[in-house]
Structure formats: C-alpha cells, structure tokens
Amino acid sequence: MTSAPWATRELGLGVRHGDSYVPAGDWSVPLLIEPGLRHNNPRRAHLLISTVLGKHLPTDPHRVIDAGNRLGDLVRAALGAHQIGEAGAGGESVPAVEVARAGAESAASQSNRPGIGAVVLGFAETATGLGHIVAARIEAQCYLHSTRREVPEAETLTGFEEGHSHATSHLLQPSPAEIFRNNLPMVLVDDEISTGATALDAIRALHAFTPRTHYILASLVDMRTATDRLAFEVAATELGARIDTVCLASGETLLPEHLVESVAALPDPELNPIAATRGRIARLELPWPSTVPEGGRHGTLHTDTPAFDLALSGAVAALRNGISDLPWSSVDSDHAPAAAVHSADDRNPAGSATLGRADTSGQTDLAAGLVAGQPDEEASPRPVIVLAHEEFMYLPLRLAAALADGGVPTRYQTTTRSPAYVLDEPGYPLRRGFRFTAPELGEDAPRFVYNAQWPESAAVDPVLLVVVDEPADTERLTGAGGLIDVLTASGADVVLAVLSGADPQALHADRSRRPAVAGHAHRDAAAPDTAQARALPEPLRGPEFGSYAADEVSWLLKDLSEVDLEADVAEREQRIQAGDAHYAESLPIEYQPDAAYRELFERVLDESAERLALAVATVSELVVAERGDEVVLVSLARAGTPVGVLMRRWLRSRSPGLEIPHYAVSIVRDRGIDAVALDYLARHHDPANIVFVDGWTGKGAITQELAEALDAYHAAGGARFNPDLAVLADPGSCVSTYGTRDDFLIASACLNSTVSGLVSRTVLNDTLIGPRDFHGAKFYRELADADVSGRLLDAVTAAFDTVRPQVAAQLESVRTSDRSPTWAGWASVEKVRAAYGISSVNFVKPGVGETTRVLLRRVPWRVLVREADAPEHAHIRMLAAARDVPVEVVPDLAYACMGLIKDVRNQ
C-alpha cells in the first residue's frame with residue numbers, strides 16, 4: 001500500500017480525483033500531480049507539482065509529449081464540435097465533460113485529420129512547452145506563449161496579469177502582430193486550473209484587445225470548485241463569447257485551514273548542496289537559423305514546422321557529436337544503472353496516442369550512436385537529464401526525446417522563477433533544490449531548479465545537459481552563484497548547450513516578406529490564403545506614367561488618368577472645411593502660371609541650383625553614413641519625388657556601381673500611408689533598408705502622420721519600417737535627417753505637376769481605390785509642353801561637381817550639431833493661430849514650400865512674411881498679387897513666410 005504524500009500526512013494538504021477524460025490508465029489526478037509547498041508566498045502556500053509537465057520533476061520526455069498530445073486531442077474535439085454546430089449556438093456552453101469524452105472516444109480517428117484553424121496561447125512559464133505540444137498536435141495556425149522576458153528587439157503587443165504567481169506580468173510579443181490579431185478561436189493552455197481566475201483575467205484582457213467568439217481553456221488537471229465554474233459562465237455571458245474547458249482529469253484540492261501560517265512556520269529549506277569534488281563542465285554550440293522560431297515567444301506558425309524540424313535535426317546532430325567527444329559521457333555497460341535499461345516500448349507508454357507533429361521517432365538515427373567512436377565497444381551512454389531554462393521548454397524537450405530515441409537514458413525538466421519549499425523527506429516531490437542568479441542581464445530576482453537528479457536509484461550520476469538560448473548565455477550563467485556554478489558545486493557533471501535562436505527582427509522581416517503575412521494591414525488573418533488574396537499590383541513607370549525616366553522612380557500608385565477628379569478650388573475648399581469631403585478624395589484644378597511666373601521659376605532655379613545641390617548631397621551622404629549603402633529610397637509623392645530622384649543621382653554620381661532603388665508612395669493626412677505600398681516594399685526589400693524622403697517640413701504634420709501610420713501598420717501585422725524621415729530642408733525642426741534647417745525656396749515647390757513628373761497629388765477615394773489597390777494619381781500628359789521636371793533635375797545635377805568640395809564640411813557640420821527635433825515650428829504655428837483667431841492649425845501652413853501650396857491649391861486668406869522683399873518668397877508675392885491675397889510683414893515670424901487658408905465655412 002502506497003503511503004500518503006508527505007504534505008498530506010503532515011499538513012493535511014491533498015488532492016482528490018474527480019473524472020478522467022482520457023482512456024483509463026495512469027491519468028488520474030493523484031498520478032498527475034503531487035502536493036507541494038511554495039516558499040515565501042503569502043498569497044498561496046500550496047503548489048501542485050505536475051508529474052507529466054517536466055518542470056520540477058525529471059520526467060521521461062515521451063511521457064511529457066504524450067500528455068500534451070492527449071490534451072491536444074481533447075482541444076481538437078472541442079474545436080470540431082463547436083465548428084460543426086454540435087456545441088449549440090450563441091453563448092450557450094456545452095459541458096466540458098461532454099466535449100472531453102467525445103474527444104477521448106475519437107482521438108484515434110482525429111489524429112489523422114487536418115488541423116483546425118486556431119490560435120494557441122501557452123501561459124508562461126510552466127505551460128510554454130505544453131502549449132507548443134498542443135498547437136503542434138492540432139496543427140494550429142499560430143502558437144504564441146506569453147513571456148516575462150523583456151526582449152529589446154521585439155515589440156510588445158499587449159499583456160495581462162496573474163494574481164497568485166511569484167512573477168505576475170505576462171507580455172505578448174508576436175512577430176509580426178498579424179499572426180496573433182485575427183478572429184480565430186483561441187486555445188489557452190496552462191498546466192493546471194486552480195480557480196481559473198488567471199485564465200479569466202487573461203481572456204478579458206485579450207478579448208478587449210482582439211475580440212473572439214470562442215475560447216478554450218486546456219489544462220492537464222482542472223481543480224475548480226462549483227463556484228469557480230460558475231464564474232466562467234458569467235464571463236462568457238459578459239463577453240458574448242463561448243468559453244469551453246478541457247483537461248485530462250478533474251479533481252479537488254484539499255486545503256487545510258491556516259496552511260499559509262503552517263508553511264511559514266517551517267524551517268528554512270536547505271538549498272545548493274555542496275559535494276567534496278566539483279563536477280566537470282563542457283560547452284556546446286547548437287546551430288539554429290535566425291528566421292526559424294525556436295519556440296513560441298514571438299509566435300510560431302504551422303507553416304514553420306518543416307523548417308523547425310530541419311533545424312532540429314541539425315541541432316540534434318551537433319548535440320550528438322559534441323557529447324560523444326566527451327571522455328565522461330559513457331559508462332561501462334556492466335555498471336550501467338538499472339534505470340538506463342529501457343526498451344522502445346518502455347519509452348512510449350502502452351495505450352498512448354500517436355505523437356503527431358511532436359513525434360520524434362524520425363530522429364532515431366540522429367541520436368543513435370551518441371557514443372559512437374568510443375574505444376570500448378561495451379560502453380553505454382550515461383543517463384542525461386536535460387535541464388531547459390524557464391520559458392525555453394519545447395525545443396529542449398524535443399532534444400531530450402531525440403536523445404531517448406537514440407538509446408540514451410533521458411529525463412527532462414526546467415528551471416523556474418518560483419521559489420518552492422524543498423524538503424528531503426520520502427513522499428515529498430522536491431527533495432533537492434538550487435537557488436542561482438538569473439542569467440539574463442537586468443534581472444534581479446533569483447531563479448531555482450529542483451531535484452536535478454535521477455528519479456530512481458542509479459549506479460552512476462547523470463550528466464546534466466543545460467540548454468539555454470543566447471539571452472541567457474551570459475557571465476552570470478557561469479559565474480559565481482550562477483546555474484552552472486551551483487550545479488557543478490553539487491558534484492554534477494554539466495554540459496552547457498547554447499542555442500542561437502531566432503532573431504525577432506529577422507523573423508519579423510522574413511514573415512513580412514511571406515505572402516501569407518505580407519497582406520494589407522487590415523486584412524483578416526483568417527481569410528483564405530489564395531493567390532488572388534496575395535496578389536499585389538505592379539509599380540507604374542515612365543513614360544507610360546509620368547515624365548521621369550523608368551529607372552528614376554517606380555510609382556506605387558494606381559493610374560487614374562482617365563477619371564475626372566478635378567473640382568473648382570473654392571467649391572472643393574468649401575466641402576473639405578464642411579467635413580463633407582476629404583482633401584484626398586478629389587484634385588484641385590492644376591494652376592497654370594503665366595509667362596512672368598514661369599520666367600521667375602527659371603530665375604529662381606538658376607540662382608538656387610547650387611544651394612539645392614548642396615542640400616541634396618548633404619542629406620544623401622547623411623542617409624548613407626547612418627543607414628548604409630543598401631538603402632532603398634521611398635519618396636512621399638509628390639513633393640518628395642524630385643528630391644528622391646536627385647538623391648539617387650547624387651549617390652550614383654559618386655559611386656556609379658551603386659544600385660539605389662527609388663519608389664514613390666502616397667501618404668494622406670488623417671488617413672495614413674498606403675498600406676498596400678508598404679506590403680509591396682516589405683515583399684521586395686528588407687524593411688530595415690527603407691528610407692522615407694520628403695522635400696521639406698512645415699509644422700511636422702506629415703512627419704507625425706508617417707510615424708503613427710507605420711506604427712499602426714506594424715501593430716496590424718506588417719513589417720517594422722524606420723519612421724525617420726529624410727528631407728532637404730527642416731525649418732520646422734521636426735526630423736533629424738536633413739540637408740539644412742534653413743527655410744529657403746526649393747524650386748520644385750514653385751509649381752504643381754509640371755515640376756513633379758506631370759503626376760498629380762495622390763488620391764484616396766473608396767469608390768476608386770479597392771482594398772488591394774495602391775492609392776491613385778493622374779498623369780497629365782496634356783501638360784507635356786509646360787513640363788519642366790527634367791529641367792529642374794538637370795540643373796541641380798549639373799551643380800553637383802561645383803558643390804562636391806563643400807559636401808564633407810557641410811556633412812560634418814550637420815552630423816556634429818544637435819539634430820534632435822524640437823518641434824519649434826509647431827509652437828510657432830500655434831502662436832500665429834491664436835494671434836489671428838484661426839480655428840485650426842490645419843489652416844496655418846508654415847514655410848516657403850507650404851505657403852506656395854496654399855496659393856496654388858487652396859483658398860488663401862493672407863500671406864505672412866518675415867521680410868518684405870526676401871528673395872526666397874518672391875514667387876509667393878507674385879502668386880499672391882495674382883490672386884489678390886494680402887501680404888503682411890511679421891518681423892518675428894519663425895519662418896520666412898506662412899500661408900493662411902481662408903475659413904470658408906461661414907462664407
């Protein structure tokens with residue numbers, strides 16, 4: 001007769017079995033969990049130690065995988081029942097017992113079925129590996145686990161809190177966000193449900209962020225009371241969603257009164273045993289591709305499975321070769337511990353379900369011969385305990401299973417953040433414990449590992465194979481008080497295996513280039529992944545669209561040349577200000593200047609060409625110095641386009657072999673940047689190389705619009721683009737990459753399409769632009785006789801050699817100055833708005849370029865100038881006179897001039 005666990009005998013803490021939801025066997029509650037104790041946790045003194053999770057107890061890796069696969073079969077049944085209508089309608093809930101029993105009865109037939117679309121979320125830290133097994137078993141579209149590790153290279157999408165845990169904050173860091181943000185059913189996986197409060201808090205937080213209609217909470221054991229279960233029904237009604245639960249077994253935790261006080265009265269545990277002889281240490285490097293997720297911290301997709309399996313094979317091979325070279329990795333077979341003798345049937349328990357996607361049987365040849373090459377043919381491998389690190393559970397588990405398949409006696413467990421009570425007494429699960437310094441930099445709380453010894457009597461001590469990822473591979477890992485130090489001090493021989501792991505940014509970029517992820521920012525991730533859904537339009541090029549040469553710029557625009565979009569300027573202004581239309585839905589009639597104005601343009605261009613050339617050279621060299629030679633210029637159409645062409649010409653003039661792609665894209669105030677254009681860029685180029693280009697800054701509205709739009713695109717699942725905007729002139733002090741901060745006349749601001757490749761302003765109109773279209777624009781072929789686009793480019797290009805000797809000094813001057821944006825221009829605009837009683841800052845356009853636009857496109861009210869006859873705004877005074885717009889001198893103006901738009905709403 002088996003004696004009761006120590007915690008039951010001494011403290012009255014126990015567990016009671018309720019129901020099993022898998023075929024009969026060793027899956028009852030008392031066989032799945034053992035009662036243990038927490039240490040220094042005033043909120044919760046008991047700790048349920050799983051016998052199949054591989055966290056606190058060294059466990060057969062195949063037992064761990066088998067438990068996860070069985071749980072996955074129950075999840076599949078619950079998903080299938082809901083999707084085919086067996087689970088009722090609306091928020092009505094089918095009892096978990098019925099779903100679970102249905103799953104148990106049909107597990108064998110379901111194992112060969114294709115996966116059901118779902119997102120699986122594993123709870124850190126205990127269920128990160130379990131969740132991955134479940135996701136692999138059902139072939140879920142996406143698996144993600146929460147994390148408590150701050151990863152600087154990753155973006156945190158959202159998070160939630162956990163009440164009773166020693167470490168409470170859960171962060172979600174999918175890369176990119178689109179793999180997680182969808183309306184698929186969500187499966188939340190934890191090792192046990194005590195009250196369910198943590199799960200409900202998580203569901204509420206996640207539902208507020210991305211609502212779903214179906215949630216499934218999956219756990220190895222469910223220990224909720226009737227009151228706890230009622231809370232789930234209340235939450236489902238509150239959220240208008242279905243919440244199902246599945247588990248291997250349910251039961252009850254028997255909590256004695258005053259348990260917290262009883263545990264607090266126990267003597268302090270004895271940790272970190274010291275042996276007379278320190279153990280040996282060896283280090284192995286395990287290869288891993290930067291674009292293959294090694295776990296679920298940043299999300300893993302079902303489509304990642306082949307790449308994962310291939311990478312795993314390489315890691316297993318490296319592990320096999322590394323261990324086989326160690327002189328202390330084997331023992332004479334005559335003295336092998338009894339625990340080392342296992343048949344294949346012993347490693348795969350009788351009655352277990354097939355191993356599905358987590359099946360490691362195909363890797364037997366990789367781990368076989370682990371001790372091949374040993375001089376003694378009688379040698380047998382020493383037992384190995386694979387010690388994974390905290391959340392990094394699944395990949396080390398697969399390594400452990402591969403070792404076991406190759407004939408190495410293997411157990412598996414992990415380190416933890418949670419302090420538990422250690423007691424070397426029969427019947428208590430945590431017989432030995434180690435406290436060590438957290439290896440990750442910036443982490444102050446200690447970490448723990450328990451037992452780390454062969455669970456049965458053995459004639460030889462096991463090798464402890466510690467598997468960590470790169471962030472944990474620090475001096476703190478191996479230094480005094482670190483994990484390797486405390487383990488070897490106990491006499492254990494330790495092999496430290498370091499796996500490089502995926503780079504979140506490389507992973508993000510790779511996924512963003514994949515057709516299934518690189519869709520429109522607002523595309524539903526559950527939408528069919530068809531060729532049509534993935535198709536993107538092709539760029540437009542001259543001479544078919546625009547007067548620039550085909551190699552000068554690729555327009556990521558839709559050709560609307562045959563559409564009548566122009567409206568009378570006054571009528572258009574009235575509709576825009578009244579809120580009846582957005583300025584991007586139509587076009588102003590192209591203003592055609594008279595002969596005197598065209599003559600002024602020619603004079604201004606001749607006088608400013610060298611100044612423009614120096615600014616072009618300076619900003620181009622600044623971009624390359626800080627972003628590298630492989631930049632891709634993306635100009636904001638249309639004011640940025642001639643600047644992008646000139647930057648490309650400068651860079652090629654000093655490095656003729658340099659390939660500098662140049663695109664023009666649309667950005668619209670209050671509507672953001674063209675997401676389909678971003679999709680195109682992410683598919684064809686590394687997003688890290690994209691440099692956005694504009695002509696000048698005004699008050700900074702477009703600078704802010706760009707940053708916000710790129711953040712929104714990234715949050716919706718798109719690639720991460722650098723929002724730093726490069727401009728020729730930054731009089732508003734809004735950016736850090738510029739050629740000058742002087743407010744001077746840029747000749748391209750003097751005219752409309754006739755100086756910008758005969759291309760109109762961009763158009764975003766729902767009747768013309770579909771969800772997979774680029775924003776639109778028109779090509780004014782009929783204005784070819786008035787086109788001076790090439791004249792501008794050639795005049796500035798001709799000045800390159802003249803200014804070349806000045807560029808280095810100008811570049812150094814800019815680079816060594818304080819380039820931090822001060823947004824002084826915005827403050828100046830606010831001051832003018834208040835002084836003139838203007839209702840909106842949108843009616844105040846600062847700087848030479850913006851004032852020119854007011855006179856060419858809008859209904860101007862007046863023009864403010866700092867000096868009455870400054871040459872940089874001579875063309876503005878001429879335009880103002882032609883349109884009977886008063887010009888007022890304001891000596892303390894922050895800009896050379898400002899244009900004020902007339903408020904026509906009350907006209």
Side-chain angles (χ1 to χ4, degrees), residues 2-16 29-59 124-127 148 162-168 190-192 194-195 198 220-221 223 251-274 385 387 389-390 413-438 444-455 481 483 486-487 489-490 492:
T2 304
S3 61
W6 182 90
T8 304
R9 298 195 312 266
E10 302 296 328
L11 300 176
L13 171 63
V15 295
R16 179 182 295 151
V29 165
L31 295 176
L32 289 170
I33 52 177
E34 298 180 14
L37 304 173
R38 297 176 186 268
H39 184 55
N40 289 338
N41 191 326
R43 294 172 291 184
R44 192 179 183 191
H46 69 286
L47 179 65
L48 301 182
I49 308 294
S50 174
T51 64
V52 298
L53 185 66
K55 192 67 178 175
H56 300 86
L57 303 178
T59 308
E125 64 182 40
T126 54
R148 295 183 175 117
E162 181 175 355
H164 63 76
S165 174
H166 185 73
T168 59
D190 209 352
D191 59 314
E192 47 121 339
S194 295
T195 65
T198 295
L220 296 172
V221 294
M223 309 298 280
E252 179 184 359
T253 304
L254 306 176
L255 293 175
E257 292 186 11
H258 310 300
L259 180 63
V260 171
E261 293 80 3
S262 298
V263 173
L266 293 173
D268 289 338
E270 297 182 6
L271 303 177
N272 296 11
I274 303 294
I385 297 178
L387 280 177
H389 180 56
E390 286 187 36
Q413 68 171 113
T414 75
T415 65
T416 177
R417 291 173 175 246
S418 300
Y421 192 76
V422 172
L423 183 67
D424 190 14
E425 288 285 347
Y428 188 74
L430 309 180
R431 302 287 295 272
R432 190 168 76 148
F434 300 83
R435 180 197 295 114
F436 59 94
T437 303
D444 297 326
R447 302 299 194 260
F448 304 87
V449 65
Y450 302 100
N451 294 310
Q453 57 190 349
W454 202 256
L483 176 60
V486 300
L487 291 177
S490 72

Looking at Glu257, I want to see if its CD is surrounded by more than 12 non-hydrogen atoms of other residues, nucleotides or ligands under 6.0 Å. no
Could you state the interatomic distance from CD (Glu425) to CG (Leu423), rounded to the nearest 0.5 Å? 5.0 Å
Atom CG in Leu271, atom NE2 in His39: separation rounded to 0.5 Å? 7.5 Å
Looking only at heavy atoms, the pair that brings Ala420 and Tyr450 closest together is N-OH, 2.6 Å
Side chains of Val449 and Gln413 in contact at under 4.5 Å (non-hydrogen atoms): yes
Got a donor-acceptor contact below 3.5 angstrom from the Asn272 side chain to the Arg435 backbone? yes
One should read off an interatomic distance between His56 NE2 and Ser418 OG, to the nearest 0.5 angstrom, of 6.0 Å
Tyr428 side chain to Tyr421 main-chain N or O, any donor-acceptor pair under 3.5 Å? yes
Side chains of Arg38 and Val263: does their closest heavy-atom pair fall under 4.5 Å? no
Side-chain donor-acceptor pair present, Asp191, Ser50, cut-off under 3.5 Å: no
Is any side-chain heavy atom of Leu31 less than 4.5 Å from a side-chain heavy atom of Thr51? no
Can you name the nearest heavy-atom pair linking Pro35 to Ala7, along with the distance? O-CB, 3.9 Å
Is any side-chain heavy atom of Glu192 closer than 4.5 Å to one of Leu32? no
What distance do Leu48 atom CG and Thr253 atom OG1 have between them, rounded to the nearest 0.5 Å? 4.5 Å
Taking CZ in Arg9 as the centre, count heavy atoms belonging to other residues, nucleotides or ligands within less than 6.0 Å. Is the count above 12? yes
Between Ile385 and Gln453 the two heavy atoms that sit nearest each other are CD1-C, 3.4 Å
N/O donor-acceptor pair under 3.5 Å between Asn451 side chain and Arg431 backbone: yes
Can you tell me how far the CZ atom of Arg44 sits from the OG atom of Ser194, to the nearest 0.5 Å? 3.5 Å
Quick check on Glu252: does its CD atom have over 12 non-hydrogen neighbours (other residues, nucleotides or ligands) under 6.0 Å away? yes
Of all heavy-atom pairs between Gly12 and Pro256, which one has the smallest distance, and what is that distance? O-CD, 3.7 Å
So CZ of Arg447 and CG of Leu483: to nearest 0.5 Å the spacing works out to 11.5 Å
Say whether Thr416 and Glu125, considering side chains only, have a donor N or O and an acceptor N or O under 3.5 Å apart. yes
Could you check whether any side-chain N or O of Thr8 sits under 3.5 Å from a backbone N or O of Leu13, counting only pairs where one atom can act as donor and the other as acceptor? yes
